[in-house]
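Please read these numbers as outputs of a predicted model, since none were measured by experiment.
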Amino acid sequence: MSSEAEATFLFADIAGFTALTEAHGDEQAVHLVEEFEHAVQAELPRVGGECVKTVGDALMLRVPDPADAVRLGLWITRHAMTGHHAPSVRVGGNHGSAVERGGDYFGATINVAARVSALAAGGELLVTGQTAGLAPDLEGVLYESRGRQVLKNVAEPLEIFAVLLVDENADRLPIDPVCRMAVDPERAVGRLLLDEKAHYFCSLSCVAAFSQHPERYAD
């Protein structure tokens, strides 16, 4: 029997795992994967999540609430593996419906989540615009547009956002270049870097407008 369920699906893995294995050997690599899996498994009950399966060094996770999934992804990239010689971890996520069968999940939502994860660098959490739009007001969190990305075996390019923690030491309010409103970086919805200058945004629509036509708004 199969059924359809909606949730945020995350893929989390150790960045550069092949290079790590070559440098430190299979035994050390396996130990790190086990440590990584145990750390994430211990955190899942806090968000009502589950580890659907492991694929090599990658974990496929299901979290019912997109805001909880974003928080979990940030925790994984920053706290799942810490200390000297800790490997860098990356996470990618997408929210949508998937078909559940035998404890596993299938469908386009899963495929996109896996592709987004592959785009992420070590220490980075990337999510689709769909996911970011469902969790726009997380305290201390902002979304930085990475533009529309072409994903393998996905028909249309998708807007991708990096999820960042706000710099709590920011001491003045920047101006949203699209709507010209003052934006508290701790409450900003997005940030975009252009010519090494950070632009903060009050809404995802402002992020999208700026990313499509930056020449209209850049100083």
Side-chain angles (χ1 to χ4, degrees), residues 1-21 24 26-83 85-128 130-132 134-135 138 141 151-154 160-163 165:
M1 295 292 292
S2 62
S3 61
E4 190 165 326
E6 186 170 302
T8 301
F9 293 89
L10 303 174
F11 282 84
D13 68 356
I14 296 174
F17 184 71
T18 300
L20 185 153
T21 301
H24 298 286
D26 293 340
E27 186 174 343
Q28 176 68 5
V30 170
H31 173 75
L32 287 172
V33 170
E34 291 175 345
E35 183 180 346
F36 174 52
E37 181 179 356
H38 292 159
V40 174
Q41 288 273 21
E43 192 70 12
L44 288 175
R46 298 169 65 91
V47 295
E50 65 172 312
C51 182
V52 177
K53 62 182 177 181
T54 61
V55 184
D57 65 308
L59 307 178
M60 176 181 165
L61 311 173
R62 177 183 179 274
V63 182
D65 181 72
D68 286 339
V70 169
R71 294 188 187 97
L72 176 65
L74 286 170
W75 182 89
I76 291 172
T77 57
R78 287 155 175 80
H79 302 295
M81 304 292 284
T82 59
H85 280 176
S88 183
V89 175
R90 62 181 183 173
V91 180
N94 183 38
H95 186 90
S97 60
V99 175
E100 188 274 333
R101 186 174 62 205
D104 202 353
Y105 291 86
F106 304 88
T109 296
I110 308 301
N111 297 336
V112 169
R115 300 303 183 193
V116 172
S117 174
L119 293 177
E124 189 171 50
L125 167 61
L126 298 182
V127 298
T128 58
Q130 156 83 355
T131 310
L134 293 172
L138 299 182
V141 172
L151 305 179
K152 185 178 179 180
N153 296 328
V154 177
I160 303 298
F161 290 86
V163 187
L165 291 175

Requested in this report: Would you check, one step at a time, whether the test side chain to side chain contact (heavy atoms under 4.5 Å, CB included) holds for Val112 with Gln130?
Outcome: CA-CA 11 Å; Val112 169; Gln130 156 83 355; over 6 Å; no
Query raised in the report: After noting the C-alpha distance and the side-chain angles of Val40 and Cys51, does the key distance pass the side chain to side chain contact (heavy atoms under 4.5 Å, CB included) rule?
Result: CA-CA 9 Å; Val40 174; Cys51 182; over 6 Å; no
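- Distance OH/Tyr105 to CD1/Ile110: 8.5 Å, rounded to 0.5 Å.
- Distance CG/Leu119 to CD/Glu124: 9.0 Å, rounded to 0.5 Å.
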Query - Evaluation steps, side chain to side chain contact (heavy atoms under 4.5 Å, CB included), between Met81 and Leu32 - result: CA-CA 9 Å; Met81 304 292 284; Leu32 287 172; 4.0 Å; yes
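- One N or O on the side chain of Asp57 and one on the backbone of Ile14 form a donor-acceptor pair closer than 3.5 Å.
- Rounded to the nearest 0.5 angstrom, Glu43 CD and Leu72 CG are separated by 6.5 Å.
- The closest donor-acceptor contact from the side chain of His38 to the backbone of Glu34 lies under 3.5 Å.
- Leu61 has its side chain within reach of Ile76: a pair of non-hydrogen atoms, C-beta onward, lies under 4.5 Å apart.
- For the pair Val127/Asn94, no side-chain contact is recorded, criterion being any heavy-atom separation below 4.5 Å from C-beta on.
- Atom NE2 of His95 is separated from atom OG1 of Thr128 by 9.5 Å, given to the nearest 0.5 angstrom.
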Query raised in the report: For Val141 and Arg71, what are the C-alpha separation, side-chain angles and deciding distance, and is it a side chain to side chain contact (heavy atoms under 4.5 Å, CB included)?
Result: CA-CA 9 Å; Val141 172; Arg71 294 188 187 97; over 6 Å; no
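- Counting only distance, with no hydrogens or angles, the side chain of Thr8 and the backbone of Ala69 share no donor-acceptor pair below 3.5 Å.
- Of the possible donor and acceptor atoms, one in the side chain of Arg90 sits under 3.5 Å from a partner among the backbone N and O of Ala120.
- To the nearest 0.5 Å, the span separating CG on Asp13 from OG1 on Thr54 amounts to 12.0 Å.
- The closest side-chain heavy-atom distance from Asn111 to Val154 is not below 4.5 Å.
- A donor-acceptor pair under 3.5 Å is absent between the side-chain atoms of Arg62 and the main chain of Glu50, judged by distance alone.
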